[in-house]
Amino acid sequence: MSPVSSSPDALRIPVITIDGPTASGKGTIAQRVADHLGWHALDSGALYRLTALALQRAGGDGQDEALAARLARALDVRFQGERILMGGQDVAGLIRHEAVGNLASEVAALPAVRAALLERQRDFRQAPGLVADGRDMGSVVFPDADLKIFLDADVEIRAHRRHKQLSGKGISANLDDLLSDLRARDARDRGRAHAPLVAAAGAITIDSSRLGIDDVVQQVLGLWSARGPA
Ligand code: DC
C-alpha cells in the first residue's frame, strides 16, 4: 500500500473513527459501517496483536521495547477479508487468543511501538473512505477525522460478549478470568502515558451496554448522514 497520508489529497479522504475499550464491539461495528458505505476498514488493534504475536514468537516480553518496535516496523502483513496473513500464514484466529491480547496491551504502552505503527495505520486512508477502530484513532492517528465515535459498554457486559465470541470460535475461556483480564487491560489502556484510551475531542459517546450491534451501526450511519459530506 502506498503512503498517501501526508499528501493533500489524503486529507480529503473521509475518515470515521471508532475508539473504545476492549470488547466494546467496535471492530464488528466498524466493519459493518465500512461495508455499508463501501469504504475500507482498519482494525488497528490487529496491528498491536500481530506485534505481540511476533514478539511472543521471538521469545521477547512486554519489557522488550526495542525488539517489539523492530518487529512492529518489519511486520509482513496482508489483510484479505477475514484472513490476516503474517509472513504468509493466516494468524487471524491466533491473534484473538487472550494471551496475545494481553501482551498486545503491554506492547501498546511502549512509545517506540506506537511510533513504529503510526504511519502504517495512516496508510490505510484510501479512497473512497476509511472507518478506523482502536483506542487513539480520533485522538492521535486521525485527529482530523470527519466523525469520531467513542463506543463504551459496562465491563461485565463486555466480558459476557467476549466469552460468547470466544466460545463461538471454539476457544474456551473462564468468565471470571475474562472479567479480571478486561479490567486490567482497561486500566492499562486508560492509564498509560502515551496515547491512552480517551474520548477524543469532539467525539460522540455511544454506550452500547443495552444496544445491539445493528442499533449502534444505524446510529453511526445516522450521525454520518446527518453530518453530510465535508
Ligand atoms: O482492540 P483490540 O482488543 O484488538 O486491541 C488489542 C490491544 O491493542 C489493546 O489492549 C490496546 C491496544 N491498542 C492500542 O493501544 N491502540 C489502538 N489504536 C488499538 C489497540
Side-chain angles (χ1 to χ4, degrees), residues 5 15-31 34 41-56 62 65 68-69 71-72 75 77 79 82 84 86 91-125 130-143 145 148-153 155 157-159 161-163 165-166 169 171 173 178-200 203 208:
S5 54
V15 181
I16 297 175
T17 57
I18 305 183
D19 289 305
T22 202
S24 57
K26 57 193 186 315
T28 310
I29 286 154
Q31 187 62 58
L42 165 63
D43 168 6
S44 62
L47 294 174
Y48 289 94
R49 287 172 181 267
L50 288 161
T51 304
L53 180 63
L55 183 64
Q56 202 182 53
E65 184 163 6
L71 293 167
L75 277 182
V77 58
F79 292 86
E82 303 270 284
I84 302 177
M86 185 162 83
V91 294
L94 265 182
I95 62 164
R96 296 295 147 201
H97 283 251
E98 289 305 289
V100 177
N102 286 329
L103 185 56
S105 170
E106 287 183 49
V107 302
L110 305 172
V113 170
R114 305 202 72 85
L117 292 178
L118 187 62
E119 283 309 315
R120 194 183 267 267
Q121 294 171 88
R122 289 183 174 155
D123 287 348
F124 280 80
R125 188 173 194 167
L130 176 69
V131 184
D133 84 83
R135 304 293 187 290
D136 61 342
M137 296 295 98
S139 55
V140 174
V141 182
F142 303 108
K148 300 180 187 183
I149 304 293
F150 189 77
L151 188 64
D152 214 345
V155 69
I157 290 175
R158 288 188 279 127
R161 286 180 185 163
R162 176 55 56 88
H163 189 254
Q165 186 188 35
L166 289 172
K169 289 182 178 161
I171 302 172
L178 278 179
L179 187 56
S180 58
D181 275 359
L182 285 190
R183 287 202 166 110
R185 227 187 282 179
D186 279 359
R188 201 159 40 223
D189 292 349
R190 289 181 204 269
R192 69 183 175 217
H194 298 273
L197 170 66
V198 280
S208 76

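Both counts, for ligands and for their atoms, begin at 1 and track the order of listing.
S105 contributes atom OG, which lies 7.0 Å from atom CG of N102 (distance to the nearest 0.5 angstrom).
M137 is not listed as a side-chain neighbour of I18, based on a closest heavy-atom distance of 4.5 Å or more. Side-chain contact check for E82 versus Q31: every heavy-atom pair is 4.5 Å or farther apart.
A salt bridge does not link D181 with R162: none of the charged nitrogens is closer than 4.0 Å to a carboxylate oxygen.
Partner of R135 under the salt bridge (Lys or Arg N to Asp or Glu O under 4.0 Å) criterion, out of D189, D43, D19: D189 alone. Each of L47, T17, D133 was evaluated against L42; a single residue qualifies, L47, per the side chain to side chain contact (heavy atoms under 4.5 Å, CB included) test.
Within 4.0 Å of ligand 1, heavy atoms belong to protein residues T22, K26, S44, G45, Y48, R49, R96, A104, S105, A108, R114, G134, R135, D136, M137, R185, D189, R192.
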